[in-house]
Enquirer: 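Here you go, one structure.
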Amino acid sequence: MTTRQHTTIHRSDYTPYDFLVDSIRLRFELGEETTLVTSRLELRAKGEQAVPLVLDGHRFKLRSIAIDDGLLGSGDYQVTEETVTIPQVPSRFTLETVTELKPQDNTFLEGLYRSAGMFCTQCEAEGFRSITPYPDHPDVLSVFTTTIVADRERYPVLLSNGNLVDAGQLPDGRHFATWHDPFPKPSYLFALVAGDLVRLKERFTTCSGREVSLELYLQEANRHKGEHALHSLAKAMRWDEQVFGREYDLDSYMIVAADDFNMGAMENKGLNIFNSRYVLATPESATDEDFHAIEEVIGHEYFHNWSGNRVTCRDWFQLSLKEGLTVFRDQEFSADMQSRGVKRINDVRYLRTTQFPEDGGPMAHPVRPDSYIEINNFYTHTVYSKGAEVIRMLRILLGEKCFRQGLDLYFERHDGQAVTIEDFVRAMADAGQRDLEQFTRWYSQAGTPQLTISSGYEPSTGTFTLTVRQSCPPTPGQPDKLPFHLPLVMGLLDRATGQELPVTLEGEEPPGPGSRLLELNEQEQVFRFTGLQEEPLPALLRGFSAPVKLDYPYRHDDLVLLAGHERDPFCRWEAGQRLAGEIILDLAGAWQAGQALELDEAFIEAYRLTLTSDESDRAFLAEALTLPSEKYLAELMPVADPDAIHGARQFVVRTLASRLREDFLLVRERCRRAEPYAVEDGRAGERRLANLCLAYLMSLAEQPLIELCRDQYYGSDNMTDSIGALTPLVSCDCPERREILSTFYDCWQHDRNVIDKWFTLQAMSHLPDTVEEVCRLLEHPAFELANPNRFRSLVASFSQNQVRFHAADGSGYRLLTDQLIRLIPINPQVSARLLAPLTTWRRYDSTRQELMRAELQRIQALENLPRDVFEVVDKSLREN
Ligand code: B3K
Ligand code: ZN
């Protein structure tokens, strides 16, 4: 049983801080054994009445505390596990504290820690309080000046936020640098880096003609891997000027790559710190997908400079204010850099396989949560991805122009402030002159709404009717939901030709063919469309205009028509996915009943037509030919059966491969090019399609195909094609598997990010002995428990391997739990995140439910459970 009580923080309890922090001067003396931090705060009470000064603080040794240079005695202040309180303070004063830290022992990777010989920080959400006592809330803004003192040889580069204002040599081989950030900021945006790093540099001229120095700091060995990241930064900066009118504000923008990092990256003002996997890339070591991900994350952190830094959050409940908006902005950036349709498909797929399960599980919470125990647990798909969908809906409802005016108004009104989601919505409502009251339910009600749509056609009047009902399932603490205000974008197609028809609502003038926005705001609404000679086929939820589940009784031939003719890429893709999904789920039923499986001939033919079509967007074609994932299919089953899903899906893959073997070979051949690989050569779609064909073919496990795969591996000049060959090979029980895995390891052992791929590939194998294989890999000398990337590459990846993680004997669950039990004392934040797959136990059969719960209980029974882990385990075992 847990021995500690953990406090729940409620949104309704928000109170502004009693003091203003006019400035903070920090001095870090970095040492191998001990690091000293001196902080001088200029404080001013906001009110007339004397109140105690309460500072957040933990995990450091408090050496001294002084007010206006007078040292306080131990009776003058109180220290608890979480705070430092001085009961009596003047109305205006200087507070100086000295703390002692041991960054070299900080495995939580929060606050000040060491990674690969370098000192670095991670302060969001509440890491700053482990550096020095401080009002560590996002609405306390102050001007930071930071001096760093360190050994010159070991740490030649000393960085912090803002501009370098002083630097020089000190006795004993030390040196110092002083940085000043003119923009008042909350402590979560503070950053410090000290290390032996090389710098890559580019110049950028902003739209108003200011010169900015873009700087990337890396280890010497990685010098050649930073070009794409730096280039992506310049692209993101230009794009934000052109699309959102946002200009950068400091003279330099620095990015540092760290090997040990809890998440993707961090938007510290002027000094981003990145997980090295989102910075380092060469064509030989990174895939097309990696290059895209780098561009996206670089963009995301840059866009935060306005949506997050210039305008920040009043409290952490408002997190989606910066994260949802910034994800929306990075999605739009990537859409403009790549293929818009394919980007939308990928974002929807991600939402459905990550956020929908969250919304349907024990941790379900609204985009703006009402309470939390540990804020780090709320950096969720709901806050990020669903938050971005909410912004997207606003854009649809207001229209491009008003939406942009609303954003401009928001940035103008609130520049330099810490605000709330209401402030954001108010700016949008004011700019669009719209009542968005009902819309704000998207921020307060959890759960994925369902649209149930039925239709009817009256030939005598040429009227087509859509009846739309909306509902939303109960979620923890929210049994009943009110209707949402949401945009349903739709069109009507001619059933004979697939042509777009005019969408004329009863009583309106015909607007001409095209999309139509229907605004939903009631539990049930009826829309009547007139002037239709024949019954049309509705194309619903174009562009995935709202984050909902759609239930409309499409027939198979409707879906075939939509998949072939619909002009909206999302709807076209969705029709094919739905068709394939229904077929696989039917087969899964047959599999469960022990019946022989047989694949529908019409489906094979439709698939062949798509495969051999002349669709010029090869990336889109690859999406259309990719079957729904096992994870998504599990979402569609009332009781998820991972074995049946895997069996049925693999049967479809193999049948398609054997029946369309020649077509797969031909399409693959057509997509392969003799020219050497180049980043952004416009051929990523072709590579994706070629590798998809290879993956289908490899399901047949025939020797000539294995040879083909082997040849691709040895002949490839880029990581995309190497991984394209290795991925299907690791699920194939053949001697080539071992051979190539070991060649790959030997070739890449010096590159951490590539070795992470090597672990992941094996953790994702379909082979029946994968659990044992992962156990062996845990003993591999390259496995590192305390490095989040490495732990995720093996253990978290394995927990995404649906069929092996959910092994009916519970061995997969046990493996994850055993490793989490080792990780919890080292890194509670990452541990809590990686628990997610166990929390979905209610979705499975009673045997698996029991096994999964038993593992959660095993964790629950640990002594001194950190609050991150406590919260997830406790909520997921609760009876509601
Ligand atoms: N804002 C950071 C995430 C911080 C997570 C803290 N547990 C990165 C981002 O979303 O841009
Ligand atoms: Zn972010």
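All ligand and atom numbering here is 1-based and tracks the order in the structure.
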Enquirer: Does this structure show an ion pair linking K269 with D249, if we count only N-O contacts that are shorter than 4.0 Å?
Expert: yes
Enquirer: Just by distance, do the side chain of T312 and the backbone of N309 share a donor-acceptor pair under 3.5 Å?
Expert: no
Enquirer: Do D56 and R129 meet the salt-bridge criterion of a basic N to acidic O distance under 4.0 Å?
Expert: yes
Enquirer: At under 4.0 Å between heavy atoms, which part of K322 makes contact with ligand 1: side chain, backbone, both or neither?
Expert: side chain
Enquirer: What residue and heavy atom of the protein are closest to atom 8 (C) of ligand 1, and at what distance?
Expert: A265 O, 2.9 Å
Enquirer: Charged N to carboxylate O below 4.0 Å: is that the case for K322 and E267?
Expert: yes
Enquirer: Has Q829 got any heavy atom lying under 4.0 angstrom from an atom of ligand 1?
Expert: yes
Enquirer: In terms of residue, atom name and distance, what is the protein heavy atom nearest to atom 11 (O) of ligand 1?
Expert: E301 OE1, 2.7 Å
Enquirer: To the nearest 0.1 Å, how far is atom 1 (N) of ligand 1 from its closest protein heavy atom, and which atom is that?
Expert: E124 OE1, 2.6 Å
Enquirer: NE2 (H300) to the Zn ion (ligand 2) to OE1 (E323): angle, nearest 10 degrees?
Expert: 110°
Enquirer: Atom 3 (C) of ligand 1: which protein heavy atom is closest, and how many Å away?
Expert: Y384 OH, 3.6 Å
Enquirer: For atom 7 (N) of ligand 1, find the nearest protein heavy atom and state the residue, atom name and distance (0.1 Å precision).
Expert: N376 OD1, 2.8 Å
Enquirer: Could you confirm whether E267 has any N/O/S atom lying under 2.8 Å from the Zn ion (ligand 2)?
Expert: no
